[in-house]
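Below, all heavy atoms of this structure are taken into account, side chains as well, without hydrogens, waters or symmetry copies. Heads up: numbering here begins at 1 and tracks the sequence.
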Amino acid sequence: MTNGGVDRSVECTGSVQAMISAFECVHDGWGVAVLVGVPNKDDSFKTHPMNFLNEKTLKGTFFGNYKTRSDIPNVVEQYLKKELELEKFITHSVPFSEINKAFHYMLQGQSIRCIIRMEH
């Protein structure tokens with residue numbers, strides 16, 4: 001269907017099997033796979049070495065490659081100017097005494113972002 005593979009693929013789920021598929025489906029010679037999702041700490045990425053020898057490219061990123069010293073102040077400024085709508089990504093809020101709920105939400109895939117409130 002793609003005449004040898006896709007030019008670019010982006011994986012955002014964190015599923016190692018999806019990461020492998022994203023890499024293996026790119027075209028030999030120029031295909032690029034970008035991994036964005038964060039896998040489980042115990043997962044392994046396994047593929048045949050020929051995938052690399054056939055000149056496929058594998059890239060990855062944490063946090064969109066933001067540089068904390070130079071980029072984060074700009075993001076804060078955008079947020080303060082209401083140019084970023086971060087609140088819509090907050091799905092839960094729990095007091096610190098219930099921090100284990102936040103981890104449960106995260107591990108079950110029930111949360112995008114959870115605020116942990118430091119209450120007195």
Side-chain angles (χ1 to χ4, degrees):
M1 186 169 82
T2 62
N3 198 21
V6 299
D7 292 341
R8 304 275 185 271
S9 70
V10 179
E11 185 286 322
C12 302
T13 67
S15 160
V16 171
Q17 192 53 51
M19 292 176 172
I20 293 167
S21 295
F23 179 57
E24 291 179 350
C25 80
V26 298
H27 199 288
D28 289 349
W30 63 78
V32 177
V34 180
L35 308 183
V36 180
V38 179
N40 183 298
K41 66 180 179 73
D42 297 323
D43 288 340
S44 293
F45 185 100
K46 296 179 182 179
T47 189
H48 196 278
M50 284 304 293
N51 286 315
F52 291 101
L53 298 174
N54 286 334
E55 299 183 42
K56 294 180 180 189
T57 300
L58 178 63
K59 295 181 174 195
T61 181
F62 266 122
F63 307 115
N65 283 343
Y66 274 97
K67 315 295 185 283
T68 53
R69 288 190 188 265
S70 60
D71 293 338
I72 296 301
N74 294 332
V75 171
V76 171
E77 187 174 321
Q78 287 178 317
Y79 173 74
L80 293 174
K81 290 180 180 178
K82 308 270 189 237
E83 295 172 359
L84 292 176
E85 299 178 45
L86 299 181
E87 287 80 9
K88 66 183 177 183
F89 297 106
I90 299 170
T91 55
H92 296 83
S93 178
V94 298
F96 184 75
S97 61
E98 297 179 17
I99 191 171
N100 288 337
K101 276 187 180 178
F103 282 101
H104 173 78
Y105 294 144
M106 177 185 65
L107 293 171
Q108 297 301 311
Q110 298 173 344
S111 172
I112 296 175
R113 288 288 181 263
C114 184
I115 300 293
I116 300 170
R117 299 183 312 274
M118 305 302 275
E119 299 174 347
H120 303 300

TODO: Evaluate whether atom CD of E85 has more than 12 neighbouring non-hydrogen atoms of other residues, nucleotides or ligands under 6.0 angstrom away.
DONE: no
Open item on the list: Check whether K56 reaches the backbone of V26 with its side chain - one donor and one acceptor, N or O, closer than 3.5 Å.
Closed with: yes
TODO: Only pairs at least two apart or in different chains count here, so list each ring pair (Phe, Tyr, Trp, His ring centres under 6.0 Å) that has a residue in residues 72-104.
DONE: H92-Y105
Task: Shared-cluster residues of I115, by chain and number - hydrophobic side chains joined below 4.5 Å - done: I90
Task: Connected via hydrophobic side-chain network under 4.5 Å: L84 and I72 - done: yes
- [ ] Examine distances only and state if a side-chain atom of N40 and a backbone atom of D42 form a donor-acceptor pair shorter than 3.5 Å.
- [x] yes
Task: Atom pair NE2/CG of H48 and L53 - distance to nearest 0.5 Å - done: 9.0 Å
- [ ] Give the cluster check for L86 versus I112: same hydrophobic cluster or not, with ILVMFWY residues linked at side-chain heavy-atom distances below 4.5 Å.
- [x] no
Open item on the list: Does V34 form a side chain to side chain contact (heavy atoms under 4.5 Å, CB included) with R8? I'd like the steps, not just the answer.
Closed with: CA-CA 8 Å; V34 180; R8 304 275 185 271; 6.0 Å; no
Task: Residue list, side-chain hydrogen bond (donor to acceptor under 3.5 Å, both in side chains) with T13, at least two apart or on another chain - done: E11
TODO: Side-chain contact test, heavy atoms from C-beta onward, threshold under 4.5 Å: evaluate it for L35 versus L58 and give yes or no.
DONE: yes
- [ ] Output the distance between atom NE2 (H27) and atom CG (N54), rounded to the nearest 0.5 Å.
- [x] 10.5 Å
Open item on the list: Is there a side-chain contact between R117 and S93 in this structure, where contact means two heavy atoms from C-beta onward sitting under 4.5 Å apart?
Closed with: yes
Open item on the list: With side chain to side chain contact (heavy atoms under 4.5 Å, CB included) as the test, pick out the partner of C114 among I99, T91, V94.
Closed with: V94
TODO: Work out which heavy atom in P39 is nearest to a heavy atom in M19; give both atom names and the distance.
DONE: CD-CE, 3.6 Å
Task: Same apolar cluster (I L V M F W Y, side chains within < 4.5 Å links), I20/V36 - done: no
